[in-house]
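What follows is a short report on a single structure.
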Amino acid sequence: MDPGYILIVISFLLAVFSSYSFFIGVMAKGKKALKHLQNGERTLYLYTAVIFLSYFLLTYYFLIRDFDVKYVYSYSDTHLSLLYTISAVWAGREGSLLLWAMFVSGLNVILINVEKKDRIAAMSLGISGVVVAFFLFIMLVISNPFERWGVGQPIPEGYGLNPLLRTPEMALHPPTVFLGYAAATIPFAIAVSSAYFGEENWHLRLRKWAVLSWLFLTVGIFLGGWWAYRTLGWGGFWAWDPVENASLLPWLTVTALLHGIMRNRNFRAWNFWLSVVSFALVIIATFITRSGIIESVHAFGENPEGWFYLILILAAVVLSAHVFFRNREFFKEERFRTASREFTIFLNLVILILATATVMLGTLAPAIVENLSVGREYYDRVETPLAMILIVLLGVCIAVGWVYSRERLRRILLISIPAGVVSAILTHFLSGMVYVSAAAGMGIFTLISHFMTFSRSDIQNPRKLGGYIVHVGVVIIAIGIAGSWMHDEVYQNVRIDIGDSITLGSVHFGKITLKLDDLYQKDEHDKIEVIAEISIYRNGNFEGEAMPSTKFYNLQREDRVVGGVAILSKPFLDYYIAMGGFNQNGIFVEFHVIPLISLVWAGSALMMIGGTVSLLVGQREGKS
Amino acid sequence: MEKSQRVKLLVGISVIVFSVLVIVSFNQGISPYLTVSQVVERGYAENVQVNGTIVPNSTRYFFENNTRIFKLSDGKTEITVKYTGSVSNYQEGIPAVVKGNYRDGVFYAEDLLLKCPSKYEVKKGEVG
């Protein structure tokens with residue numbers, strides 16, 4: 001048995017003991033209680049240390065290329081560079097689960113140091129300790145990262161990391177998403193504990209954890225989209241793939257939660273259940289991403305892991321329902337008027353929940369009904385209207401204000417509505433792109449409300465500032481999506497011979513000429529690369545050069561051939577070339593002209609900045 | 001009717017309209033797929049979607065017309081697939097979806113979709 005496995009056994013026992021001590025501690029009274037709580041705290045530090053140790057041990061096996069360890073064999077080889085070798089630790093299921101457990105345990109340690117040490121904190125640590133124990137248990141019985149081949153002789157070479165995953169953004173994507181998932185455990189734990197003890201102001205306590213989860217989910221989803229765009233070669237960043245949807249689902253509910261907690265007295269029950277559902281969704285997401293179960297119903301039956309995840313979710317829901325129904329008084333909500341900020345928040349929650357439900361329907365349907373696949377038309381049709389309503393609602397919501405005043409609303413709308421209409425017409429006149437014009441109209445309407453309600457003194461108010469930055473980001477992304485999804489022009493099967501050029505007449509972007517200047521082979525230590533040098537001209541003017549390629553990795557893997565996408569980015573336009581095939585005379589490419597995709601990245605950056613402002617400054621505020 | 005009731009009614013109606021939209025879009029957006037064995041069993045099929053895995057070392061690429069001929073397998077049966085068009089990141093051994101017609105033992109694909117690589121698990125038990 002590998003020492004790593006023993007470490008997992010030890011940390012599992014410690015986590016169980018820690019949770020047990022916390023639970024007993026919060027129920028007991030006096031000196032006894034204190035003793036139990038101290039035990040819980042000490043073992044919390046211990047299990048965290050042991051989990052980190054086992055993680056480092058696994059990383060060590062990767063670094064010394066110990067291919068006798070099945071997991072190391074499966075995701076690395078001797079040619080893999082140092083940084084990708086470190087990132088290979090979370091490339092597969094077993095390592096990801098270990099990372100999950102490590103993140104939750106790390107967050108538990110942070111929690112005990114930043115939060116007031118009361119019974120809410122103690123019970124929360126008990127609950128999240130159970131979650132840690134759960135993942136350790138899965139590793140013990142099904143997904144042991146330390147499992148060895150045990151063939152008795154050294155294995156010289158590993159199977160290798162999927163070449164598609166060898167990009168910086170894909171190296172960072174899994175840990176960011178998993179940190180977002182892990183952080184969603186804490187709001188759930190705090191919500192349940194607070195409801196159990198009937199403690200007020202719980203929404204203020206869970207806020208920073210929810211923001212933390214939201215921030216990392218946002219960064220992770222962005223990295224995934226950025227990677228897909230730059231690597232996969234179909235010219236987009238979001239395909240409504242189950243794996244992508246899996247990370248979007250908790251993002252939607254955590255977003256709803258962050259809005260609901262602004263008015264906890266009106267949305268107590270909503271906030272409680274949003275915390276619970278967010279937790280359930282991160283568990284489902286972990287399961288979907290790392291098991292491929294969504295592919296077919298059979299896989300679910302054959303893989304016992306699925307049942308374990310289901311049991312954890314059921315346990316969370318049953319516990320929450322129990323707490324909820326035994327303390328109905330605690331969840332009494334104040335009513336609100338229709339003409340109020342509260343009502344617009346209510347609509348916002350409804351829309352986000354509808355989006356969650358519909359994305360979930362499309363994602364899980366193939367797992368429930370045999371031999372069924374859901375196309376992206378479904379998502380495009382259902383989610384687009386929701387997104388549009390949400391953008392407009394955002395402007396209205398901001399204009400309404402916390403204290404409703406008819407005059408104020410009228411003053412803002414009298415400017416923002418005409419501004420929106422004018423922007424839409426102007427954009428249409430300038431670009432000719434219908435969907436972009438519509439998005440720009442709605443977007444400007446919403447942005448004007450924001451600018452008109454933001455005064456210089458609000459810079460001192462991190463929550464408002466952070467929120468506003470995120471909102472501006474959302475609007476900019478919406479315009480970028482309208483451009484890059486709806487007006488992407490694609491040319492398939494474009495053949496260019498060396499020295500030749502081909503001219504394509506695009507709808508919105510003039511005449512585009514591609515000239516194949518050179519085609520050559522480059523040998524490197526871990527791969528052979530065939531590179532094409534293409535000059536791009538627009539209406540006869542030289543725009544720049546792009547170099548798509550095909551890489552043949554020196555691996556045992558079957559998926560060792562990778563197409564290198566080349567992108568020439570201009571401020572409002574991307575030229576996107578993916579090589580589809582080649583011989584000694586020329587190449588076949590898939591060519592896209594993608595407008596406004598830069599806005600998607602810029603908007604994402606604003607969302608991340610806004611989230612960070614909200615988190616960091618909000619934290620300082622909480623301490624004072 | 002009271003104002004708050006009117007609003008409730010409005011929200012209710014919107015949700016119902018939205019649900020209808022969801023149901024319609026869902027019905028149009030879903031497509032049933034066949035396994036490789038099912039296609040072979042039928043012998044002839046038009047406009048179907050087939051899921052399978054691209055068999056390693058089975059691909060032949062013809063540059064003249066940018067066409068690939070490869071085998072698709074469901075673990076039990078294999079079919080020959082012919083596809084013309086650029087595919088970026090074409091890899092063997094990964095799950096793929098083909099849409100098209102099957103006749104005379106050949107699947108003429110009009111569309112070829114490769115699955116996202118993050119889900120792939122290495123088949124255990126294959127050392128060296």
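Convention: sequence-line order gives letters A, B, ...; per-chain numbering from 1. Please read all numbers here as calculations on a predicted model, not as lab measurements.
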With a 4.5 angstrom heavy-atom cut-off, which part of [X] approaches chain B: side chain, backbone, both or neither?
X        : answer
A/Ala357 : neither
A/Ser373 : both
A/Pro385 : side chain
A/Leu386 : side chain
A/Arg495 : side chain
A/Gln492 : neither
A/Val565 : neither

For the [atom1] atom of [X] and the [atom2] atom of [Y], what is their distance to the nearest 0.5 Å?
X        : Y        : atom1 : atom2 : value
B/Tyr90  : A/Thr550 : OH    : OG1   : 13.5 Å
A/Glu377 : B/Ser31  : CD    : OG    : 7.5 Å
B/Ser19  : A/Leu354 : OG    : CG    : 7.5 Å
B/Thr84  : A/Asn493 : OG1   : CG    : 7.5 Å

Best-contacting candidate, [options], against chain B by heavy atom pairs under 4.5 angstrom:
options                                : answer
A/Ile587, A/Val494, A/Val350, A/Asn585 : A/Ile587
A/Phe582, A/Phe588, A/Tyr378, A/Phe67  : A/Phe588
A/Val374, A/Leu372, A/Thr231, A/Val382 : A/Leu372

A/Lys551, NZ: over 12 other non-hydrogen atoms inside 6.0 angstrom: yes
Atom CG of B/Asn47: over 12 foreign heavy atoms under 6.0 Å: no
Please flag which part of [X] lies under 4.5 Å from any non-hydrogen atom of chain A: side chain, backbone, both or neither.
X       : result
B/Phe26 : both
B/Val11 : side chain
B/Glu64 : backbone

Closest non-hydrogen atom pair between A/Phe343 and B/Val7, with its separation: CZ-CG1, 3.1 Å
Shortest non-hydrogen contact between A/Arg381 and B/Leu21, atoms and distance: O-CD2, 3.9 Å
Test side chain to side chain contact (heavy atoms under 4.5 Å, CB included) applied to B/Gln91 and A/Leu164, step by step: CA-CA 10 Å; B/Gln91 300 176 324; A/Leu164 279 177; 3.9 Å; yes
